[in-house]
Amino acid sequence: MQVAFIGCTKQKKGYPCPAYEMYSMSAIFRKAYAYCNDHYDIVYILSAKYGLIEPKTIIEPYDITLSSMNVGQKREWAARVILQLKAEDEAGRLDLGKVKKFVFHTGKDYRRYLVDLLPSGLSLVPLKGMGIGQQLHFYTERGYK
């Protein structure tokens with residue numbers, strides 16, 4: 001089983017809606033979300049405010065970013081995401097024992113401290129080092145318009 005993480009975006013809808021819709025104003029998010037749904041078993045969105053979100057969960061608009069947080073706050077956020085993953089496991093929505101890879105389609109802030117808290121060797125960052133333009137090209141080249 002492979003679990004994908006997609007980072008939230010600054011651009012958001014101005015009303016409560018499912019998380020996948022909240023961030024859909026961003027081309028990079030739309031393409032990453034479509035790609036991840038086609039290539040991975042489970043997809044979660046990582047949000048500065050909410051932590052780990054199932055894409056269909058209704059959320060409220062917000063204006064918080066990880067880039068505005070200090071190191072301690074980012075570490076606390078990552079620890080909260082781990083607790084949320086464990087809660088997903090306990091609820092039967094995710095079997096952590098079967099996860100072979102955690103695949104990050106996120107920016108550095110959304111993975112930096114989280115990767116350290118996941119089992120060693122299970123994290124993969126396929127677009128590491130790519131700028132936004134290169135990431136958009138990656139998805140477009142694979143048919144995600």
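What you see is a predicted model; the values in this text were computed from it and never measured.
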Side chain to side chain contact (heavy atoms under 4.5 Å, CB included) between Tyr110 and Ile6, intermediate numbers included: CA-CA 9 Å; Tyr110 288 86; Ile6 305 170; over 6 Å; no
Any donor-acceptor pair under 3.5 Å linking the side-chain atoms of Tyr62 with those of Ser47? yes
If only atom types and distance count, is the side chain of Lys145 paired as donor or acceptor with the main-chain N or O of Gly143 below 3.5 Å? no
Give a yes or no on this: more than 12 heavy atoms of other residues, nucleotides or ligands lie within 6.0 Å of atom NZ of Lys13. yes
Stepwise side chain to side chain contact (heavy atoms under 4.5 Å, CB included) check, Thr65 with Asp109: CA-CA 9 Å; Thr65 63; Asp109 275 341; over 6 Å; no
Heavy-atom count check: over 12 atoms from other residues, nucleotides or ligands less than 6.0 Å from Asp63 CG? no
Measuring centre to centre across the rings, with the benzene-like ring taken for any Trp, is Tyr23 within less than 6.0 Å of Tyr33? no
Give me the one residue out of Val43, Leu122, Val103 that meets side chain to side chain contact (heavy atoms under 4.5 Å, CB included) with Gln2. Val103
Using 0.5 Å steps for rounding, measure from the CG atom of Leu114 to the CZ atom of Phe5. 5.5 Å
I'd like to know if Leu94 and Leu83 are part of one continuous hydrophobic network [Ile/Leu/Val/Met/Phe/Trp/Tyr, side-chain heavy atoms within less than 4.5 Å]. no
Look up atom OH in Tyr44 and atom CD in Gln84, then write down how far apart they are to the nearest 0.5 Å. 10.0 Å
Separation of Asp95 CG from Arg93 CZ (nearest 0.5 Å): 13.5 Å
